[in-house]
Participant: 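Below are the structure tokens for one structure; questions will follow.
Note on naming: letters A, B, ... go to the chains in the order of the sequence lines (proteins, then strands), and numbering restarts at 1 for each one.
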Amino acid sequence: MKVGLPKGTRDFLPIELAKRKWMFGIIEEVFKTYAYVPIETPVMENLSTLTGKYGEEGDRLLFKVLNNGDYLSKSDDQAYQSKDSNSFTTSISKRGMRYDLTVPFARYVVMHRNDISLPFKRYQIQPVWRADRPQKGRYQEFYQCDVDVVGSKSLSYEAELIQIYDDVFARLNIPVIIRLNHRQLLSGIAGIAGIGDQWLEMTMAIDKLDKIGEEGVRKELTERGIAEKAQDKIFDFLAQKDLASFRSLILNDPQVLASLGEVEKVFAYLENLNLKNQLQFDITLARGLGYYTGCIFEVTAVDAEMGSLGGGGRYDNLTGVFGWPDVPGVGISFGAERIYDVLEAKGLFPADLQNGPKVLVAAFDEVSHLYAFKCVSKIREAGIAADLYPDPGKLKKQFKYATDLGCAYIAIVGDEEMQNNTLNLKDLTSGEQDSLTIEEIIQRLK
RNA sequence: GUGGAUGUAGCUCAGCUGGUUAGAGCGCUAGAUUGUGGUUCUAGAGGUCGUCGGUUCGAAACCGAUCUUCCACCCCA
């Protein structure tokens, strides 16, 4: 039997999991501090809940779950004959695996609207699945950490979420740039440039400005059928680096003015609050997911070659498709795998992440092994992680096992120790050792 | 989904234009050392050369398919 893993998925070693838990712990702690509560949703959703929410591209990346039973006899034979994969798929698959945490959350809010009170602030740390082609920092199974609040239009939440980004990355010691933009500012620019109906295409093109430059963006805009005159107008706006100069370009377009006012208000909330990371208004920031309607965010590491470490935005009508219109919401997501990779690359995990027991007890012979078993029990009763090596005898083996496991101490028991009612406790890092009673050891290891 | 690279011991990698029994370092196991790990020395184990098929007297090497990983797109965390 040849063993292997589906592509884009991974196992985690004990030390890796210790690091991940440390990272998730910090993120979760910040979420709780800002008064968000945890929820969970199932791995699978009805396919109808997921399809159409992420655009055509997203539908292609959805993992579908094959129906149980004799699914072929109930399949759409006509779709099969005409090689229509989409129709055929829906006839043999009614469930899919979650693609992100936001859409399932929207479904959750609608279904539990009588059990939650608005504004509802929740966080959710769970894996999601995408049938994307894997690359570095890009997997088919990966964790997202989402914080969202639904049921309020207050821009104080935008400010709060920026604070959460700032707080988490400061605690993780990763310097980041938090970029902020507004979706309607983008559509407003498109309107002023006379291409209001093509604003989404414009957005996708200018999103790449830092990657392909002005020339590249212009080329792409031309390919998308946007006239040169309109392009010039667009680039007038893109050249503006701050809000004030941006404002001077907007004549009297009420929609754009209002959006700009929203961005300004977010900055006003954060004024004098001493963010530890850089917050930047960036008119070129665009985010793919179709459902954002207001402010949008993205976080990138200052000095690491890694895509975005997180993103989010305001979606004023996400629950509408599930039958509950006009519930505004805003949220952000942390990309756990990428943050992990940055932490690893920069050596930012604490060195003392304890993944093994605090102490390993080593016995010298069968008689002392019986005694050692009772010692381990007492240490465990005191709430200290302790283990007993199963085979008495060779100390070399027991030492090696203790080191490999990451134990801080080893406690050796032989004739001498049994007579004196002690154990020989050795600090594996410093090499110091003492003869101590069980009580003294518990005191020392607490 | 498109284009391109990659795969040899647990890990990192050698292996010439196809030619005896496929190597090294690290790691692993045992011993030196029957009350002390990390250092040192000695010995040892470990490979269907990603998989399947083809070309050839002969394939780790050449060709095809497939899978994995990686890179650039697309998109995204």
Side-chain angles (χ1 to χ4, degrees), chain A residues 1-10 13 27 54-62 85 98-102 125-146 165 176 203-205 207-208 211-212 216 220 286-290 297-301 304-312 331-342 360-365 368 372 389 392-418 423-435:
Chain A
M1 169 95 192
K2 193 91 179 176
V3 293
L5 242 37
K7 89 171 137 193
T9 66
R10 298 154 298 158
L13 292 170
I27 293 171
Y54 310 103
E56 216 174 295
E57 189 69 19
D59 286 353
R60 189 168 62 75
L61 299 179
L62 278 174
S85 297
R98 79 166 101 74
Y99 176 91
D100 73 355
L101 300 177
T102 308
I125 299 176
Q126 288 191 278
V128 302
W129 290 267
R130 295 183 189 177
D132 209 353
R133 187 174 289 203
Q135 280 181 36
K136 201 175 199 68
R138 174 187 283 196
Y139 306 94
Q140 294 204 336
E141 177 185 63
F142 62 97
Y143 274 74
Q144 284 192 333
C145 317
D146 272 30
Y165 266 146
V176 293
T203 297
M204 280 158 77
D207 189 26
K208 299 174 188 164
K211 218 174 185 177
I212 60 178
E220 190 147 330
R287 289 193 50 81
L289 297 175
F297 318 101
E298 193 158 283
V299 180
T300 44
E305 283 295 315
M306 184 63 69
S308 72
L309 299 182
I332 57 173
S333 178
F334 289 77
E337 321 303 331
R338 290 184 178 180
I339 296 171
Y340 181 98
D341 287 348
V342 171
L360 180 81
V361 178
F364 197 62
D365 52 32
S368 47
Y389 194 79
K394 283 220 159 52
L395 287 183
K396 179 171 174 152
K397 265 197 170 175
Q398 311 200 45
F399 265 87
K400 186 165 164 33
Y401 187 69
T403 323
D404 288 349
L405 250 54
C407 298
Y409 296 89
I410 189 166
I412 302 161
V413 183
D415 289 344
E416 235 176 84
E417 286 77 11
M418 282 172 68
L423 292 90
N424 192 352
L425 186 74
K426 179 166 183 173
D427 183 323
L428 282 167
T429 322
S430 69
E432 284 168 32
Q433 53 185 328
D434 295 297
S435 263

Participant: Could you encode protein contacts along nucleotides 2-11 of chain B as a string, one character per nucleotide from 5' to 3', using B for base contact, S for sugar-phosphate-only contact and - for no contact, with a heavy-atom cut-off of under 4.0 Å?
Facilitator: BB--------
Participant: Just to verify, what does Glu417(A) make a salt bridge (Lys or Arg N to Asp or Glu O under 4.0 Å) with, not counting sequence neighbours?
Facilitator: none
Participant: Give the rounded distance in Å between these two atoms: CZ of Phe142(A) and C1' of C76(B).
Facilitator: 8 Å
Participant: So, using salt bridge (Lys or Arg N to Asp or Glu O under 4.0 Å) as the criterion, who are the partners of Asp434(A) when residues are at least two apart?
Facilitator: Arg444(A)
Participant: Please give, in whole Å, the distance from C74(B) P to Glu57(A) CD?
Facilitator: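 Result: 10 Å.
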Participant: Using the C1' atom on both, measure G50(B) against A59(B) and round to a whole Å.
Facilitator: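 The same atom, C1', in both gives a distance of 16 Å.
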Participant: Could you write nucleotides 30-37 of chain B as a row of B, S and -, 5' to 3', where a protein heavy atom under 4.0 Å of any base atom gives B, of only sugar-phosphate atoms gives S, and otherwise -?
Facilitator: SSB-SBBB
Participant: What is the distance, to the nearest angstrom, from the CG atom on Asp341(A) to the C1' atom on C76(B)?
Facilitator: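 The answer, rounded to whole Å, is 15 Å.
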Participant: Under the rule for ring pair (Phe, Tyr, Trp, His ring centres under 6.0 Å), what residues qualify as partners of Phe142(A), not counting sequence neighbours?
Facilitator: none
Participant: Sort and list the pairs that fulfil salt bridge (charged side-chain N to carboxylate O under 4.0 Å, His left out) and have at least one residue in residues 395-405 of chain A, not counting sequence neighbours.
Facilitator: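 Passing the test, one end in residues 395-405 of chain A: Lys400(A)-Asp404(A).
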Participant: Would you mind reading off the distance between Leu5(A) atom CG and C67(B) atom P, rounded to a whole angstrom?
Facilitator: 16 Å
Participant: Answer with base, sugar-phosphate or nothing: what part of the nucleic acid does Gly8(A) contact at a heavy-atom distance below 4.0 Å?
Facilitator: sugar-phosphate
Participant: CD1 of Ile212(A) versus C1' of C74(B): gap in Å, rounded?
Facilitator: 13 Å
Participant: Give the dot-bracket string for RNA chain B, reading 5' to 3', where a pair is Watson-Crick or G-U wobble with both distances under 3.5 Å, ( ) marks pairs inside the strand, [ ] marks pairs crossing earlier ones, | marks a partner on another strand, and . marks unpaired.
Facilitator: (((((.(..((((.....[...)))).(((((.......))))).....(((((..]....)))))).)))))....
Participant: Please examine the side chains of Arg130(A) and Asp100(A), heavy atoms only from C-beta on, and report whether any two atoms are closer than 4.5 Å.
Facilitator: yes
Participant: Do Asp365(A) and Asp415(A) make a side-chain contact, defined as non-hydrogen atoms from C-beta onward lying under 4.5 Å apart?
Facilitator: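 A side-chain contact exists here, since the closest heavy-atom pair is under 4.5 Å.
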Participant: In the structure I gave you, are the side-chain heavy atoms of Leu61(A) and Tyr54(A) within less than 4.5 Å of one another anywhere?
Facilitator: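 They are not in contact (no side-chain heavy atoms under 4.5 Å apart), so the answer is no.
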Participant: Select one nucleotide: of C75(B), C74(B), A77(B), the one nearest the side-chain heavy atoms of Met204(A).
Facilitator: C75(B)
Participant: What interatomic distance, in whole Å, is found between C1' of G44(B) and the corresponding atom of A9(B)?
Facilitator: 15 Å
Participant: Which residues pass the ring pair (Phe, Tyr, Trp, His ring centres under 6.0 Å) test with Tyr340(A), not counting sequence neighbours?
Facilitator: Phe349(A)
Participant: Residues two or more places apart in sequence or in another chain: which of them pass ring pair (Phe, Tyr, Trp, His ring centres under 6.0 Å) with Tyr143(A)?
Facilitator: Phe24(A)
Participant: Does a side-chain heavy-atom distance below 4.5 Å link Phe399(A) with Ile410(A)?
Facilitator: yes
Participant: When you compare U56(B) with U17(B), how far apart are their P atoms, in angstrom units rounded to a whole number?
Facilitator: 22 Å
Participant: Tabulate below the donor-acceptor pairs under 3.5 Å that side-chain atoms of residues 132-139 of chain A make, not counting sequence neighbours, or state none.
Facilitator:
unit_1	atom_1	unit_2	atom_2	d
Asp132(A)	OD2	Arg138(A)	NH1	3.3

Participant: Got a list of protein N/O to nucleotides 43-45 of chain B N/O distances below 3.5 Å?
Facilitator:
none

Participant: Work out how far the C1' atom of U8(B) is from that of U48(B), and round it to whole angstrom.
Facilitator: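 Rounded to whole Å, the distance is 13 Å.
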Participant: What's the gap between A65(B) and U2(B) when it is taken at their P atoms, as a whole Å value?
Facilitator: 14 Å
Participant: Nearest heavy atom decides the nucleotide; on that basis, is Lys136(A) or Tyr139(A) closer to the 5' end of RNA chain B?
Facilitator: Lys136(A)
Participant: In whole Å, measure the gap between the P atoms of C41(B) and G27(B) for me.
Facilitator: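 Roughly 11 Å separates the two P atoms.
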Participant: Please state how far atom CG in Asp132(A) lies from atom C1' in A77(B), giving the value in whole angstrom units.
Facilitator: 10 Å
Participant: I'd like the C1' distance from C16(B) over to A22(B), given in whole Å.
Facilitator: 14 Å
Participant: I need the CZ-P distance between Arg130(A) and C75(B), as an integer number of Å.
Facilitator: 14 Å
Participant: Is there a side-chain contact between Cys407(A) and Leu428(A) (heavy atoms, below 4.5 Å)?
Facilitator: yes
Participant: Going from CG on Leu62(A) to CZ on Arg60(A), what distance comes out if it is rounded to the nearest 0.5 angstrom?
Facilitator: 11.0 Å
Participant: Answer yes or no: side-chain N or O of Arg138(A) and base N or O of C71(B) forming a donor-acceptor pair under 3.5 Å.
Facilitator: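 Per atom types, no contact qualifies.
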Participant: Take atom CD1 of Ile339(A) and atom C1' of A77(B), then tell me their distance rounded to the nearest Å.
Facilitator: 9 Å
Participant: Taking side chain to side chain contact (heavy atoms under 4.5 Å, CB included) as the criterion, tell me which of Ile125(A), Ile339(A), Leu101(A) meets it with Cys145(A).
Facilitator: Ile125(A)
Participant: List in chain and number order the residues that pass ring pair (Phe, Tyr, Trp, His ring centres under 6.0 Å) with Tyr165(A), two or more places apart in sequence or in another chain; answer none if no residue qualifies.
Facilitator: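 Scan of Tyr165(A) (ring pair (Phe, Tyr, Trp, His ring centres under 6.0 Å), adjacent residues dropped) gives Phe334(A).
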Participant: Could you give the distance separating C28(B) and U68(B) at their C1' atoms, to the nearest angstrom?
Facilitator: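 The same atom, C1', in both gives a distance of 26 Å.
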Participant: Give a yes/no on whether any side-chain N or O of Lys208(A) is located under 4.0 angstrom from OP1 or OP2 of C74(B).
Facilitator: yes
Participant: Classify Gly137(A) by what it touches in the nucleic acid, base, sugar-phosphate, or nothing, heavy-atom distance under 4.0 Å.
Facilitator: base
Participant: Hey, are the side chains of Arg98(A) and Trp129(A) touching, using non-hydrogen atoms and a 4.5 Å cut-off?
Facilitator: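 Result yes, sub-4.5 Å side-chain heavy-atom pair found.
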